[in-house]
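In what follows, chains carry the letters A, B, and so on, assigned in the order in which the sequence lines appear, proteins first and then strands, with residues in each chain numbered from 1. Being a predicted model, the structure only gives us computed values, none of them experimental.
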Protein chains: 2
Amino acid sequence: MDAEQAGPGTIRPGGRTARVRAVVLQAAGHALAENGLAHLDLADVAHRANVGKTTVYRRWGTAASLVADLLVDMAEQSSPRTETGTLIGDLKANARLVQRTLSDRRQGALFKAIIAAATCDDRTAGALRRFYDTRVAEWAPCVHQAIDRGELPALTDAHEVIRAVSAPLYYRLLTGGDPLDTTAADRAAEATAAAARAGAYVRR
Amino acid sequence: MDAEQAGPGTIRPGGRTARVRAVVLQAAGHALAENGLAHLDLADVAHRANVGKTTVYRRWGTAASLVADLLVDMAEQSSPRTETGTLIGDLKANARLVQRTLSDRRQGALFKAIIAAATCDDRTAGALRRFYDTRVAEWAPCVHQAIDRGELPALTDAHEVIRAVSAPLYYRLLTGGDPLDTTAADRAAEATAAAARAGAYVRR
DNA sequence: CCACTAACGGTCCCGCAGTTCCGTTAAGCT
DNA sequence: AGCTTAACGGAACTGCGGGACCGTTAGTGG
């Protein structure tokens, strides 16, 4: 799988290299949120980051590759989940977190752009999948706790439940429905909790 | 709102103009499904359609605009919904229809590309929203029938229920999860039905 | 502290997506 | 049927995104 010979940034990862990566990824995030994927110019990213455009082309090469690396960076920064003691409380906390992120002007645009990039490039799609796997795995324990408390059937698929909370929020974001408010978040959490209690997410 | 002076194709919509539109939209669909939005070349579309590339640039100008028109065309071709007599039956029929469409290699890629295009351009986003509004409105009656039968609370938001069926399927498609199978479709329908019965979609 | 070289960055260059020009075809109207 | 002109289509052009070259800067190991 790792047959590719070391690219730039792999042999001397310290100091300048790391600093350049950080500042370029940050600039890429800003540029994506402002202009969207279609108008993403790597030279513009380089300029925002006060870095030569050659550097950006050498290390990342394509917009998709840059977005993929951005996702790796985002996955590394995990925000700890809150525990409320009940399934519905935990799911609402999760839904509100997602809703707050997606309805934020900058972050929402960024996620849209990232998802668009993933549809164009397989490596980016892989990175996106890993990003969500990470996030879902962080929240899955609250479902297991609910199972232990007897709130949910024993064979409930925890990952599927967490995904079910996010799904309607992302669907709204992407199909351009009404703006995402806390009502939508709470509804997503409540619908998922009701479905889970009814056994809709037991493994078969 | 319509301050724009008539563009090409609006004054003589018959005969050749209509034929060109049909063949170009079809070619655009093929190209999108094969190469994705990022590698969509209008000259290539023109070539596939046996049409001068000048024509494509004059009438549509940008890839986003072409996709928007493609959506208008797709919204016009409605497939009739099936009626089974029960809420869960109707929702499963809807879920299976969506699942079949999205898991089809060509159609799935096409929808991905279209959603990506909508994230890049506001006019395309509007067209996408109208497309889904049309589709949702076609299926909403089955929820009203369920309310009349006493299966669901009176104030249940029909559109929200229909969207809830599609959401997890699209979420999987876009975040690159496991392939969409009939199990996923049935689960989406059952989860939505359970949540709806529990009153998660009553208007507030 | 010094040598070595990975990685950066300025400059020039090239291919092609997108545009312009103008002659040709056929839709719409009387 | 004939006239007008909307719309098409080939061909030549151009601006810019992306790449190549090479000198400069600064990590890394001794």
Side-chain angles (χ1 to χ4, degrees), chain A residues 4-28 31-32 34-69 113 116-117 120-121 123-124, chain B residues 4-28 31-32 34-69 113 116-117 120-121 123-124:
Chain A
E4 47 198 318
Q5 62 253 43
T10 52
I11 297 178
R12 285 183 185 175
R16 180 169 60 168
T17 299
R19 201 158 51 248
V20 164
R21 176 172 181 253
V23 76
V24 167
L25 290 184
Q26 194 177 330
L32 274 179
E34 278 179 37
N35 306 327
L37 178 72
H39 304 290
L40 183 67
D41 177 14
L42 295 206
D44 173 55
V45 171
H47 184 71
R48 286 170 188 255
N50 278 103
V51 151
K53 80 168 181 172
T54 311
T55 300
V56 177
Y57 278 107
R58 185 177 27 241
R59 283 191 57 181
W60 291 279
T62 68
S65 178
L66 184 56
V67 172
D69 198 28
C120 301
D121 178 75
R123 280 188 54 250
T124 308
Chain B
E4 47 198 318
Q5 60 251 40
T10 53
I11 297 178
R12 285 181 184 176
R16 180 171 58 169
T17 299
R19 201 158 52 248
V20 165
R21 176 172 181 253
V23 76
V24 167
L25 291 185
Q26 193 178 330
L32 274 179
E34 276 179 36
N35 306 327
L37 179 71
H39 304 290
L40 183 68
D41 177 13
L42 296 207
D44 173 55
V45 172
H47 184 72
R48 287 168 188 256
N50 278 103
V51 151
K53 81 168 179 170
T54 312
T55 300
V56 176
Y57 278 106
R58 186 174 29 236
R59 283 189 59 180
W60 291 279
T62 68
S65 177
L66 184 57
V67 174
D69 198 30
C120 300
D121 178 75
R123 282 186 53 251
T124 309

* To do: Side-chain contact test, heavy atoms from C-beta onward, threshold under 4.5 Å: evaluate it for B:Leu25 versus B:Asp69 and give yes or no.
  => yes

* Asked: Side chains of A:Val56 and A:Val51: does their closest heavy-atom pair fall under 4.5 Å?
  -> yes

* Can you check whether A:Thr17 has a side-chain N or O nearer than 4.0 Å to OP1 or OP2 of C:dA7? -> no

* OP1 or OP2 of C:dC8 under 4.0 Å from side-chain N/O of A:Arg59 -> yes

* To do: Of all the heavy-atom pairs spanning A:His39 and A:Asn35, show the shortest one and how long it is.
  => CD2-O, 3.5 Å

* To do: Grab the two heavy atoms, one from A:Val67 and one from A:Ala117, that are nearest each other, plus how far apart they are.
  => CG1-CB, 3.9 Å

* Asked: Atom CZ of A:Arg21 to atom P of C:dC8: distance rounded to whole Å?
  -> 12 Å

* Atom pair distance, as rounded to whole Å: CZ in B:Arg19 and P in D:dA6 -> 19 Å

* Quick one: list whatever passes salt bridge (charged side-chain N to carboxylate O under 4.0 Å, His left out) with A:Arg48, sequence neighbours left out. => A:Glu34, A:Asp44

* Minimum heavy-atom separation for A:Gly61 to A:Leu42, with atom names? -> O-CD1, 3.8 Å

* To do: For the pair B:Ser65 (side chain) and B:Thr62 (backbone), establish whether a donor and an acceptor sit closer than 3.5 Å, ignoring hydrogens and angles.
  => no

* Axis-to-axis angle across the helix from C:dC1-D:dG30 to C:dT30-D:dA1, five pairs an end, to 10 degrees? -> 60°

* Asked: Can you name the closest pair of heavy atoms from A:Ala113 and A:Leu32 and give their distance?
  -> CB-CD2, 3.8 Å

* Can you sort out the partners of B:Arg59 under salt bridge (charged side-chain N to carboxylate O under 4.0 Å, His left out), two or more places apart, ordered by chain and number? => none

* Residue closer to the 5' end of DNA chain D, A:Leu40 versus B:Asn50 (nearest nucleotide) -> B:Asn50

* Structure fact -> Heavy-atom closest pair (B:Gly9 atom, B:Thr17 atom, distance to 0.1 Å) is CA-CG2, 3.7 Å

* To do: Starting at atom CG of B:Asn35, determine the distance to atom P of C:dA17, rounded to an integer number of angstrom.
  => 12 Å

* With a 4.5 Å limit on heavy-atom distance, are the side chains of B:Val24 and B:Trp60 in contact? -> yes

* Nearest non-hydrogen partners of B:Arg58 and B:Pro8, listed with the distance -> CG-CG, 3.7 Å

* Structure fact -> A:Tyr57 has its side chain closest, among D:dC8, D:dG19, C:dA7, to D:dG19

What nitrogen or oxygen pairs link the protein and nucleotides 21-25 of chain C at under 3.5 Å?
residue, atom, partner, partner atom, Å
C:dT25, O2, B:Arg16, NH2, 3.2

* Asked: Checking only heavy atoms, does the side chain of B:Lys53 share a donor-acceptor pair with the base of C:dG18 at less than 3.5 Å?
  -> yes

* Structure fact -> Contact check, residues 41-49 of chain A vs DNA chain D, heavy-atom distance under 4.0 Å, returns A:Asp41

Under 3.5 Å between N/O atoms: give me all the protein pairs with nucleotides 28-30 of chain C, atom names plus distance.
residue, atom, partner, partner atom, Å
C:dG28, OP1, B:Gly14, N, 3.0

* **Gap between atom CG of A:Leu66 and atom OG1 of A:Thr124 - 0.5 Å precision** => 9.5 Å

